[in-house]
Asker: 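Input: one structure, supplied below.
Just so it is clear, the model here is predicted, and its values are computed rather than measured.
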Amino acid sequence: MPRNNRFSRFVAIDWSGAKGSRHKGIAVALCTSGAAAPEIVVPPEKYWSRQAIADWVIVQGQTSPTLFGFDFSFAPPRVERQTYLPGDNTPDDARAFWTYVDQVCQDDDLGAASFLEQHHRRHFYFGKADGVKADYMHLRRCEAHYNAGGGGKPSTVFDAIGAAQVAKASFAGMRLLHRLGQHIPIWPFDPVPDAGSAIVEIYTSIAARAAGRPKGRSKIRDAATLDAALATVGSAHHTPITAYDDHTTDAILTAAWLRQHAPNPLYWSPASMTAEIAQTEGWTFGVL
C-alpha cells in the first residue's frame, strides 16, 4: 500500500459512455496536497473526448505522483457466476477482458455501445422486451458488500436502461483502462508501487455521503452547498465556476475526498477483497 501522503496530486474524473466524440458529461477536477480546493481542468476543446482524457492522464501521470479516480465500474461481475458473460467465450481476468472489449469495439472515441447493443446483446437489459429485470441484476462482490451495508440500491453494468445506468460508461472505461494500464498501475489489479502515480475506481456518491449529503440527495448544484461539503473533507472554499452541474461538482468534491483518504491504509486493504476479486472484478476505493 502507498506510504502516507506520498501522492502530490489528486484527480477525480466524472466519466461518460455517451456516443460521439465530445462529451459534456466528462468533468476533471485536480487538487494538490494541502487544503486548497480542487480546480476544474479545462479540456483542450469545448468538451473532453475520451481519447483526450487518455492522453492527458498518461502525461500527467508521468509528471508527478498523482492518484487518479475514475467513476465507472472497472470490470463486470465474475465471482458470482465464475465467468463474465455466461455462455460466451471471454477471458477470465480483468486485464485480458479489457483487451477483448477494445478489440471487438470499433465505436468512435473509445466508445463501447456496440458491445452492449450488438456483440453481447443478450446479456444486457434494455427494457421490458428483455424479460424480467431482476434476472440481469448480477453484482460484483464490492457492490454487493456496499449495498448490504446500506450504501444504496444495487447497480450493475448489465442494466443499460435509464439515466442512472453505468453500462455504456463502464465498458467504454474498460477500453480506456486497456490503454492506461500500459503506463500507470491500476489498483487493485496491480499493486500500488511505492512511488509514482496510480489509478483507482471511485463512486462519487461515497464522497458525497462522507461529506454529509443525505442518501438520494447527493447531487450539489450551488456554491454554498459545495463549500459546505468541501469543508467536511478538509478543503478550503472553491473558486467559483460557471455552472454548478452534477458532473462538475461531483468531480470537485471527490478529488478533495480522495486527498483526505488516500493516506489511510484501510482504504487500500479492504477486508472483503480477496485475491480473486482483486484480479477479476476490482474494488471501489472507499468501500471498506
Asker: For the residue pair Thr90 and Tyr84, what are the closest heavy atoms and their distance?
Answerer: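 Minimum heavy-atom separation between Thr90 and Tyr84: OG1-CB, 4.1 Å.
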Asker: Give a yes or no answer on whether the side chain of Thr254 reaches the backbone of Ala251 with a donor-acceptor pair at less than 3.5 Å.
Answerer: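 Pair absent, no side-chain N/O of Thr254 close to backbone of Ala251.
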Asker: Do Thr204 and Trp257 have side chains that get closer than 4.5 Å, going by heavy atoms?
Answerer: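 Answer no - side chains too far apart.
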Asker: Does Arg9 form a side chain to side chain donor-acceptor pair (under 3.5 Å) with Ser64? I'd like the steps, not just the answer.
Answerer: CA-CA 7 Å; Arg9 298 189 302 173; Ser64 62; 2.8 Å; yes
Asker: At what distance, to the nearest 0.5 angstrom, does CG of Leu116 lie from CZ of Arg121?
Answerer: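 Result: 9.0 Å between the selected atoms.
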Asker: Quick test of your reading of the model: are Asp190 and Arg95 salt-bridged, counting only N-O distances below 4.0 Å?
Answerer: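 Result for this pair is yes, salt bridge flagged.
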Asker: Could you tell me the separation between the OG1 atom of Thr248 and the CD1 atom of Ile40, rounded to the nearest 0.5 Å?
Answerer: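 One gets 5.0 Å once the value is rounded to the nearest 0.5 Å.
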Asker: Can you see which heavy atom on Ala29 is nearest to which on Ala255, and at what distance?
Answerer: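 Looking at all heavy atoms of both residues, the closest pair is O-CB, 3.8 Å.
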Asker: Does a side-chain heavy-atom distance below 4.5 Å link Phe74 with Met174?
Answerer: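 No, too far: nothing below the 4.5 Å cut-off.
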Asker: Is Asp109 salt-bridged to Lys19, going by a charged N under 4.0 Å from an acidic O?
Answerer: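 Answer for the salt bridge query: no.
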Asker: So, Glu39 versus Thr239: side-chain donor-acceptor pair below 3.5 Å or not?
Answerer: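 A donor-acceptor contact under 3.5 Å links the two side chains.
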Asker: For the residue pair His119 and Phe171, is the inter-centroid distance of their aromatic rings smaller than 6.0 Å?
Answerer: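 So the answer is no for these two rings.
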Asker: Between His123 and His120, how do the two ring planes meet: parallel, tilted or perpendicular, split at 30° and 60°?
Answerer: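 Rings of His123 and His120: tilted, 30 to 60°.
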Asker: Side chain to side chain contact (heavy atoms under 4.5 Å, CB included) between Leu176 and Leu180: does it pass, once the steps are laid out?
Answerer: CA-CA 6 Å; Leu176 176 83; Leu180 296 184; 3.7 Å; yes
Asker: With sequence neighbours left out, write down each residue that passes side-chain contact (heavy atoms from CB on, under 4.5 Å) with Ser197, or none if nothing qualifies.
Answerer: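 By the side-chain contact (heavy atoms from CB on, under 4.5 Å) rule, Ser197 matches Thr66, Phe68, Ile184.
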Asker: To the nearest 0.5 angstrom, please state how far the SG atom of Cys31 sits from the CG atom of Leu258.
Answerer: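 Those atoms lie 8.0 Å apart.
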Asker: Are the side chains of Val192 and Arg6 in contact, using a 4.5 Å heavy-atom criterion?
Answerer: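 The answer is yes, as the side chains (C-beta and beyond) meet within the 4.5 Å cut-off.
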Asker: Answer with yes or no after comparing the ring centroid distance for Tyr136 and Phe124 against a 6.0 Å cut-off, counting only values under it.
Answerer: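 They do not qualify: ring centres at least 6.0 Å apart.
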Asker: Between Tyr47 and His23, is the gap from one ring center to the other below 6.0 Å?
Answerer: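 Centroid distance Tyr47-His23: not below 6.0 Å, so no.
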Asker: Compare every heavy atom of Arg175 with every heavy atom of Ala112, then report the nearest pair and how far apart it is.
Answerer: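 That would be CB-CD, 4.5 Å.
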Asker: Could you give the distance from CG (Asp250) to CH2 (Trp15), rounded to the nearest 0.5 Å?
Answerer: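 These two atoms lie 16.0 Å from each other.
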Asker: State plainly whether the residues Asp107 and Lys168 are in salt-bridge range, i.e. N to O under 4.0 Å.
Answerer: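 Salt bridge flag = no for Lys168 with Asp107.
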Asker: Could you check whether any side-chain heavy atom of Ile13 comes within less than 4.5 Å of a side-chain heavy atom of Trp48, counting everything from C-beta outward?
Answerer: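 Answer no - side chains too far apart.
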Asker: Excluding sequence neighbours, so at least two apart, what forms side-chain contact (heavy atoms from CB on, under 4.5 Å) with His247?
Answerer: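 Partners of His247 by the side-chain contact (heavy atoms from CB on, under 4.5 Å) criterion, ordered by chain and then number, come out as Asp14, Ala27, Asp245.
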Asker: Rounded to the nearest 0.5 Å, what's the gap from CG on Leu226 to CG on Asp222? Could you check?
Answerer: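 Going from CG on Leu226 over to CG on Asp222, the span is 8.0 Å.
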Asker: Quick one: does Val28's side chain get under 4.5 Å of Pro43's, heavy atoms only?
Answerer: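 A side-chain contact is absent here, since even the closest heavy-atom pair is not under 4.5 Å.
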Asker: Does the pair His238 and Leu230 meet the rule for a side chain to side chain contact (heavy atoms under 4.5 Å, CB included), with working shown?
Answerer: CA-CA 8 Å; His238 73 289; Leu230 285 169; 3.8 Å; yes
Asker: Which atom pair, heavy atoms only, marks the closest approach of Gly25 to Ser16?
Answerer: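 Looks like C-CB, 4.2 Å.
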Asker: Can you confirm whether more than 12 heavy atoms, excluding those of Asp135, are under 6.0 Å from its CG atom?
Answerer: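 Yes - once you tally the heavy atoms of other residues, nucleotides and ligands closer than 6.0 Å, there are more than 12.
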Asker: Could you report the tightest heavy-atom contact between Met137 and Thr156, atom names first, then the distance?
Answerer: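 The pair with the smallest heavy-atom distance is SD-CG2, 3.5 Å.
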Asker: Answer yes or no: is there a donor N or O on one side and an acceptor on the other, between the side chain of Arg179 and the main chain of Asp55, under 3.5 Å?
Answerer: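 A pair under 3.5 Å: no.
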Asker: Throw together a table of side-chain donor-acceptor distances under 3.5 angstrom for residues 277-288, partners on residues two or more places apart or in other chains.
Answerer:
{"residue": "Gln279", "atom": "NE2", "partner": "Phe189", "partner atom": "O", "Å": "3.1"}
{"residue": "Thr280", "atom": "OG1", "partner": "Glu276", "partner atom": "O", "Å": "2.7"}
{"residue": "Glu281", "atom": "OE1", "partner": "Arg141", "partner atom": "N", "Å": "2.8"}
{"residue": "Glu281", "atom": "OE2", "partner": "Arg78", "partner atom": "N", "Å": "2.6"}
{"residue": "Glu281", "atom": "OE2", "partner": "Val79", "partner atom": "N", "Å": "2.7"}
{"residue": "Trp283", "atom": "NE1", "partner": "Val287", "partner atom": "O", "Å": "2.8"}
{"residue": "Thr284", "atom": "OG1", "partner": "Glu201", "partner atom": "OE2", "Å": "2.7"}

Asker: Got Pro76 and Phe97 here, is their nearest side-chain heavy-atom distance under 4.5 Å?
Answerer: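 Pro76 vs Phe97: side chains touch.
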Asker: Please enumerate all residues that pass side-chain hydrogen bond (donor to acceptor under 3.5 Å, both in side chains) together with Glu80, with sequence neighbours excluded.
Answerer: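 Scan of Glu80 (side-chain hydrogen bond (donor to acceptor under 3.5 Å, both in side chains), adjacent residues dropped) gives His138.
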Asker: List for me each residue that meets salt bridge (Lys or Arg N to Asp or Glu O under 4.0 Å) alongside Lys24, sequence neighbours excluded, and say none if there are none.
Answerer: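 Once residues adjacent in sequence are excluded, Lys24 has no partner under the salt bridge (Lys or Arg N to Asp or Glu O under 4.0 Å) criterion.
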Asker: With a 3.5 Å distance limit and no angle check, can you tell me whether Ser170 reaches the backbone of Ser73 through a side-chain donor-acceptor pair?
Answerer: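 Side chain of Ser170 to backbone of Ser73: a pair is present.
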Asker: May I ask you to decide if Val41's main-chain N or O and Trp56's side chain share a donor-acceptor pair within less than 3.5 Å?
Answerer: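 Such a contact is absent between Trp56 side chain and Val41 backbone.
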Asker: Are Phe158 and Pro77 packed together at the side-chain level, in the sense that at least one heavy-atom pair is separated by less than 4.5 angstrom?
Answerer: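 Counting from C-beta outward, Phe158 and Pro77 do come under 4.5 Å.
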Asker: So, do Arg259 and Val233 sit near enough that their side-chain heavy atoms are less than 4.5 Å apart?
Answerer: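 Heavy-atom side-chain distance check fails, nothing below 4.5 Å.
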Asker: Honestly curious: do Leu266 and Val200 fall in one hydrophobic cluster under the side-chain, below-4.5 Å linking rule?
Answerer: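 Leu266 clusters together with Val200.
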Asker: Suppose we screen for side-chain contact (heavy atoms from CB on, under 4.5 Å). Which residues come up paired with Val59, at least two apart in sequence or across chains?
Answerer: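 Here the qualifying residues are Thr63.
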Asker: Rounded to the nearest 0.5 Å, how far apart are OG of Ser49 and CD1 of Ile26?
Answerer: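 The CD1 atom of Ile26 is 7.0 Å from OG of Ser49, to the nearest 0.5 Å.
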Asker: Ion pair present between Asp159 and Lys133, side-chain N to carboxylate O less than 4.0 angstrom?
Answerer: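 A salt bridge is present here (some side-chain N lies under 4.0 Å from a carboxylate O).
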Asker: Taking all non-hydrogen atoms of both residues into account, name the closest pair between Ala262 and Phe10 and its distance.
Answerer: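 So the minimum-distance heavy-atom pair works out to CB-CE2, 3.8 Å.
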Asker: Take Leu177 and Phe72 through the side chain to side chain contact (heavy atoms under 4.5 Å, CB included) test and state the conclusion after the steps.
Answerer: CA-CA 11 Å; Leu177 295 177; Phe72 60 81; 3.9 Å; yes
